[in-house]
2 protein chains.
Amino acid sequence: MSVTLPKGFVAAGVAAGLKSSGKPDVAVVVNQGPGMSAAAVFTSNRVQAAPVKWSRQVTADGQVQAVVLNSGGANACTGSPGFEDAAATAAHAAELLRLPADNVAVCSTGLIGIRLPMPELLTGVEAAVGELSAEGGASAARAIMTTDSVPKEAGATRDGWSVGGMAKGAGMLAPGLATMLVVLTTDADVEPAALDRALRAATRVTFDRADSDGCMSTNDTVVVLASGASGIRPSDDELAAALTEVSADLARQLIHDAEGAHHDIAIEVVGAATEADAETVGREIARSNLFKCAVFGNDPNWGRVLSAIGVTDAEFDPDLLDVSFNGVMVCRGGQIGEDRSLVDLGPRDVHVLVDLHAGDATATILTNDLTYDYVRENAEYSS
Amino acid sequence: MSVTLPKGFVAAGVAAGLKSSGKPDVAVVVNQGPGMSAAAVFTSNRVQAAPVKWSRQVTADGQVQAVVLNSGGANACTGSPGFEDAAATAAHAAELLRLPADNVAVCSTGLIGIRLPMPELLTGVEAAVGELSAEGGASAARAIMTTDSVPKEAGATRDGWSVGGMAKGAGMLAPGLATMLVVLTTDADVEPAALDRALRAATRVTFDRADSDGCMSTNDTVVVLASGASGIRPSDDELAAALTEVSADLARQLIHDAEGAHHDIAIEVVGAATEADAETVGREIARSNLFKCAVFGNDPNWGRVLSAIGVTDAEFDPDLLDVSFNGVMVCRGGQIGEDRSLVDLGPRDVHVLVDLHAGDATATILTNDLTYDYVRENAEYSS
């Protein structure tokens, strides 16, 4: 259950000295083919880290054979010297792997605004390339951790082919300043265009809807590599379903390990006029600090949910809104519903159900509560 | 320096038993004329409390002679019974004051989703009307406090006329779930239309730009009453300047007393292509929990400022952005600038200066840091 689950992939993770803790900080994932289709989605933040700029270029032609990832430094806000560092990293890995440099993507995570220690990084790339193996997925997943407490890996096995993946971070793709990096792999035989469609279908309803703290990183990247080694060509729907399954699993792991969180909150919006409305409403609730503090305090505070809904432009009538916490409809028709003391917010998982009574569309946003530990981690950790 | 500073106003605040603490919770402000011009701005939240619906109606004709305010209950999400309660409150005050009910505005703050205890409230209105005096401004200001630690009053004196005001809450007008209520008074002789223009000019650059936690209340109201008792008719600009002075003073007091805040942060955005761009950028920074936690941790984290700027659609080039904390330009041209250790974030007041280098427009947003105390207050206080 890792990036090396599908056939045709090798990986490794090593400690190169980028982290002062001495923990693993450089990972390499290589697609040995025969195919080399790839697709990627990147942060929509307009302040983009050097590795994002580099990787956007090299994935544009739909062909990537290796990904180099490092923790211990984001290489963001580092100007053209930083871009040259990203390019040099790719070139060094390409030389070692006998690939064209423009088939090597680069991902970085860590502090913003400092240059990467290039000698250590390049030595680390050499060490990782030397340790590449078909059992290396777990060590690669460990090497990309920053404030993560556990590595995140997932996989989905189909009849003769599979999808694997690893992730780090606590945020959303196009959010999550605790940068989210994801590498997905598959041995399906797939053209770049189809892979791109499947990736976008998967991320749209998984990583894009995991919003721990509403903050968008400069480095977020999800890249998928397809080796074709299974010789099996799934349909678009089959491929999208498998990528979605692995992405959803990783997204849940990210939310579950979010910085300082005590509750994992699924905000399910139903009865929306459009899916966009459902998503907007879910996101606005997920960004309400008052709501998030209330959940931390085990308080099913539906007034704060209604207040958040009210700032959106979604279609709804305030007098028709229903809100349930963990199955108890504490707000019915925009007014007091069931007794809020019936709600048990003791468990880690919290389900907030909002019915807009304006249509049939739905969306679910995953988020976390706002806790003392979130404040502590983000007041003390410089990113 | 209160709502009774201008000539023609009386006020009072009493304890009516709406708050379990027994503290003052009902206030009445009366304009004794000869003029009765009024204007108001309300929360833009689409989930609006009953008193907002009522007061929007009665201020529409530009004439208000009295405002009844209560803490201890927001009368929000209470349906048509709640609206009838607001109307009954106005009618009762009107009867006692021998005014038409539609010349009485009502403002409420406190818990959402519970009905007001009407017998206590109406008795409180009677008591407050009985205590009305030209020295009653301070007692009125105290009666509208909720989580406020101090009452907020302000005044501006001109040649022969003046503006007074009181406020409660910790948030922004069209934000601030800790509902913001503001009553401004003036003895200037002014037509309703001119008063409305001056009020909007004042709130746009003061209360509208004080954003403690990005959460928009269902009850926020700013109402201004003009008695004309000075016999002086200031120009539009003079009136707007005086209202702005008092509003800015009250907005600073609100931010300074915001729930759990340890720092008062002024985010000044300069070099913007438009004032809207400057405001958007300032607001996005003010809504970044990572930025707010960093300030709490005395960390001049310019990377989090850039990340927040990057999610806006404002006009800028990432490689031209400058960011200063308390006078030290820690980010110059989108990259590392002065040594961040030169920044002292020990004082309560923090000034963040962002230069977009895209034009000449500016805006300043006031906000707070995100602290353990914010989480504690909002996890434990049900609103």
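Proteins come first, then strands; the chains are lettered A, B, ... in the order of their sequence lines, and each starts at number 1.
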Students often mix this up, so state it plainly: with edges at 30° and 60°, are the rings of B:Tyr372 and A:Tyr372 parallel, tilted or perpendicular?
perpendicular

Taking only residues two or more places apart in sequence or in another chain, which ones pass salt bridge (Lys or Arg N to Asp or Glu O under 4.0 Å) with B:Arg46?
none

Report which part of A:Thr312 has an atom under 4.5 Å of a heavy atom belonging to chain B: side chain, backbone, both, or neither.
both

Heavy atoms only, distances under 4.5 angstrom: which of B:Ala308, B:Pro318, B:Gly113 has the most pairs with chain A? Name it, please.
B:Gly113

Dump the intermediate steps for side-chain contact (heavy atoms from CB on, under 4.5 Å) on A:Asn368 and A:His263, then the final yes or no.
CA-CA 6 Å; A:Asn368 296 108; A:His263 288 94; over 6 Å; no

Side chain / backbone / both / neither for A:Phe291 at chain B, heavy atoms under 4.5 Å:
neither

Residue list, side chain to side chain contact (heavy atoms under 4.5 Å, CB included) with B:Asp319, at least two apart or on another chain
B:Asp317

State plainly whether the residues A:Glu284 and B:Arg287 are in salt-bridge range, i.e. N to O under 4.0 Å.
yes

At a heavy-atom separation under 4.5 Å, does B:Thr78 approach chain A through its side chain, its backbone, both, or neither?
backbone

What option among B:Ala76, B:Gly297, B:Cys293 has the most heavy-atom pairs under 4.5 Å with chain A?
B:Cys293

